Number of protein chains: 2
Amino acid sequence: MPGSKVIPLRSSLDQPCEPFACAQCGVYQLCLPLGLQQADMTLLESVVKRKEIYKRGQLFFKPGDRFDFIYAIRSGSVKTSVCTPDGRVQITGFHIAGELLGLSALASGQYSSEARALETTSVCRVEAERLDELAQQIPSLQYQMLKIMSGQIRQDEELMLLLGRRNAEERLAEYLIGLSRRFAARNYSPTQFHLSMSRGDIGNYLGIAEETVCRILTRFQNAGLIATKRRDVRLIDLRQLEAVARLGAAA
Amino acid sequence: MPGSKVIPLRSSLDQPCEPFACAQCGVYQLCLPLGLQQADMTLLESVVKRKEIYKRGQLFFKPGDRFDFIYAIRSGSVKTSVCTPDGRVQITGFHIAGELLGLSALASGQYSSEARALETTSVCRVEAERLDELAQQIPSLQYQMLKIMSGQIRQDEELMLLLGRRNAEERLAEYLIGLSRRFAARNYSPTQFHLSMSRGDIGNYLGIAEETVCRILTRFQNAGLIATKRRDVRLIDLRQLEAVARLGAAA
DNA sequence: GATATATATTGATCTACATCAATCATTGCT
DNA sequence: AGCAATGATTGATGTAGATCAATATATATC
């Protein structure tokens, strides 16, 4: 069960910048140190560089960069993407507090995707080599990494299902529901939230055109499923939205 | 670099069924024990159940099944798929010798996908719990698992790019090239091979209709890029095929 | 070896969504 | 504050590929 602490989804720059222990972190339940003994956690903490701040549009890494760091998001949000040789881009994920960046680089020693902050974002940064050494010493840390990766693979399977088999309405409904769940897991409102990504980004991620995203959002709005005002969204009829996600428009 | 041994892509049932050491296995370079010390490999071998044979259509696991085993394919091929609540299916991968099945189950303790043999397939089976214990004792084993998973994530990113951004011709060209590479890595002909999956399966995997697969294959054939006879394929102009995969039809 | 069944191919038509195009609304900048 | 740049929305039109339909070819069954 998730902790009862409310996690800052958006970074506030004015709050004091003191480093603090992982155990006190709002996203502890979702992050790397979950399941570690106190002593091991202290060890992990010793190699973590805390509270690096990235501003909107800033790059964490890009394809081909040497694999130096794993990033854990504390607050804010990040998009990751891959691209074809001729320059077409596919966004592969939007990442929020408690999620890790850079996992797919482990196999080859190079990042295979690009990661870019969608808004002011605070991360913990772990040197890949140090994490490697540490994982050798702390089996439960490596196990946690395995679990996180396994979860990522599972999530990717879902996205493939979405990209391969679902129509535009289902995709967008599913997208909103997914966001809702992730916010809920962080003790944030599952029915009212702010989108840090543009309509274009959403469309790219879902494999549909920006214009289609707009059209369907207004369709949902007219049907009384949601209310939107620019990037602020309120989910009014989650049940109905789930029905759309599963069975398509039809009805 | 891959070993020089030729790997049996298709299982021959008539060959003697003696168990043998991982180090002598044709897919050693691609599999779990890569990088292990001799002593550790012996340990791993002690928990591996070898040469289980699955026949065409036989199920390895399905979504919701308890996560009991990781499977390593020795020969033959397997398709994995996920499905929507209303029954639509998306094939998430075709797997051949040296590849592992069941990784995405690690996070939740349940398989999230279904795996089914496409033809007579021989696998090594490792009990998940034993592997877990073992990995605690052998850091380089856990590391190898991390690498394999990381590679899987990377591969999934590619598929998402394909599903989201590429047209039907590009998808199919990319598909054939991908197969070619994987066969090459196993010391098999990269230009002439047998497809163990149906046109329908290919289309499902690539997010296009079965009929479209046929049409485009004949288009490629007429353009002199490939030759097909039922499920036997010969790649005639790989360079040109790569051009199609990257830049789309056009030209 | 004959029949049945599954898979593959080709053609005709239809449609969901892309693309092109024109505002409109916000947000950042000087 | 006023203007420019960026993002969002809505409408008109086009098309890639889906779907429907009819064989053809191979594989399995008895």
Side-chain angles (χ1 to χ4, degrees), chain A residues 10 55-57 79 88-91 116 118-120 162-173 175-176 194-222 226-233 244 247-251, chain B residues 10 55-57 79 88-91 116 118-120 162-175 194-222 226-233 244 247-251:
Chain A
R10 311 181 72 175
K55 292 222 271 283
R56 192 165 101 87
K79 67 173 170 181
R88 278 171 291 175
V89 174
Q90 169 72 39
I91 293 175
R116 198 177 283 278
L118 282 165
E119 60 190 318
T120 300
L162 182 140
L163 288 172
R165 299 259 81 75
R166 296 171 111 106
N167 68 27
E169 276 193 351
E170 295 172 284
R171 291 179 196 199
L172 208 45
Y175 181 68
L176 293 173
H194 181 86
L195 302 172
S196 60
M197 69 296 291
S198 70
R199 301 289 195 267
D201 279 349
I202 295 173
N204 182 294
Y205 176 65
L206 299 176
I208 54 185
E210 177 177 355
E211 294 93 326
T212 306
V213 174
C214 284
R215 274 186 253 271
I216 290 175
L217 283 181
T218 50
R219 221 181 290 166
F220 283 172
Q221 182 141 240
N222 292 338
I226 65 170
T228 65
K229 192 186 191 184
R230 211 70 184 167
R231 291 191 179 182
D232 290 308
V233 180
V244 171
L247 304 168
Chain B
R10 311 180 74 173
K55 291 221 272 281
R56 190 166 105 85
K79 68 173 170 181
R88 277 172 293 175
V89 174
Q90 169 72 40
I91 293 174
R116 198 177 282 278
L118 283 165
E119 60 189 319
T120 301
L162 182 141
L163 288 172
R165 298 260 81 76
R166 295 170 111 103
N167 69 27
E169 276 193 351
E170 296 172 282
R171 291 179 195 199
L172 209 45
E174 189 71 49
Y175 181 68
H194 181 86
L195 302 173
S196 60
M197 70 294 291
S198 71
R199 302 288 196 266
D201 279 349
I202 295 173
N204 181 296
Y205 176 65
L206 298 176
I208 56 185
E210 177 177 354
E211 295 93 326
T212 306
V213 173
C214 285
R215 274 185 253 273
I216 291 176
L217 284 180
T218 50
R219 221 181 291 166
F220 284 171
Q221 182 142 241
N222 293 337
I226 65 170
T228 65
K229 192 186 194 183
R230 209 73 182 166
R231 292 191 178 182
D232 290 307
V233 179
V244 172
L247 303 167

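These values consider heavy atoms only, across backbone and side chains, with no hydrogens, waters or symmetry-generated copies. Just so it is clear, the model here is predicted, and its values are computed rather than measured. A, B, ... follow the sequence lines: proteins, then strands. Residue 1 opens every chain.
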Write down the distance between [atom1] ([X]) and [atom2] ([N]), rounded to a whole number of angstrom.
{"X": "A/N167", "N": "D/dA16", "atom1": "CG", "atom2": "P", "answer": "21 Å"}
{"X": "A/R166", "N": "C/dC17", "atom1": "CZ", "atom2": "P", "answer": "13 Å"}
{"X": "A/H194", "N": "C/dT26", "atom1": "NE2", "atom2": "P", "answer": "13 Å"}
{"X": "A/R56", "N": "C/dC29", "atom1": "CZ", "atom2": "C1'", "answer": "14 Å"}
{"X": "A/R88", "N": "C/dT19", "atom1": "CZ", "atom2": "C1'", "answer": "15 Å"}
{"X": "A/I216", "N": "C/dA18", "atom1": "CD1", "atom2": "P", "answer": "8 Å"}
{"X": "B/Q221", "N": "C/dT9", "atom1": "CD", "atom2": "C1'", "answer": "12 Å"}
{"X": "B/E169", "N": "D/dG17", "atom1": "CD", "atom2": "C1'", "answer": "12 Å"}

With the side chain counted from C-beta on, respond yes when B/I202 and B/L172 share a heavy-atom pair under 4.5 Å apart, and no when they do not.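 Side chain of B/I202 against side chain of B/L172, heavy atoms only: contact under 4.5 Å found.
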Examine distances only and state if a side-chain atom of [X] and a backbone atom of [Y] form a donor-acceptor pair shorter than 3.5 Å.
{"X": "A/Q221", "Y": "A/T228", "answer": "yes"}
{"X": "A/R231", "Y": "A/H194", "answer": "no"}
{"X": "A/R199", "Y": "A/E211", "answer": "no"}
{"X": "A/R165", "Y": "B/N204", "answer": "yes"}
{"X": "B/E119", "Y": "B/K55", "answer": "no"}
{"X": "A/R116", "Y": "A/K79", "answer": "no"}

Kindly give the atom pairs (protein nitrogen or oxygen, nucleotide nitrogen or oxygen) under 3.5 Å for nucleotides 8-12 of chain D.
residue : atom : partner : partner atom : Å
D/dA8   : OP1  : A/R231  : NE           : 3.2
D/dA8   : OP2  : A/R199  : N            : 3.0
D/dA8   : O4'  : A/R230  : NH1          : 3.2
D/dT9   : OP1  : A/R199  : NH2          : 3.4
D/dT9   : OP2  : A/R199  : NE           : 2.7
D/dT9   : OP2  : A/R199  : NH2          : 3.2
D/dT10  : OP2  : A/T218  : OG1          : 3.3
D/dG11  : N7   : A/R215  : NH1          : 2.8
D/dG11  : O6   : A/R215  : NH2          : 3.3

Base, sugar-phosphate alone, or nothing: which one does A/A168 contact when heavy atoms must sit under 4.0 Å apart? sugar-phosphate
If the threshold is 4.0 Å, N to carboxylate O, is there a salt bridge linking B/R88 and A/E170?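 Yes, B/R88 and A/E170 are salt-bridged.
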Close residues, residues 201-208 of chain A, relative to DNA chain C [heavy-atom separation under 4.0 Å]: A/G207, A/I208
Which residue is it: A/L206, A/V213, A/L118, A/L195? I am looking for the one with a side-chain contact (heavy atoms from CB on, under 4.5 Å) to A/D201. A/L118
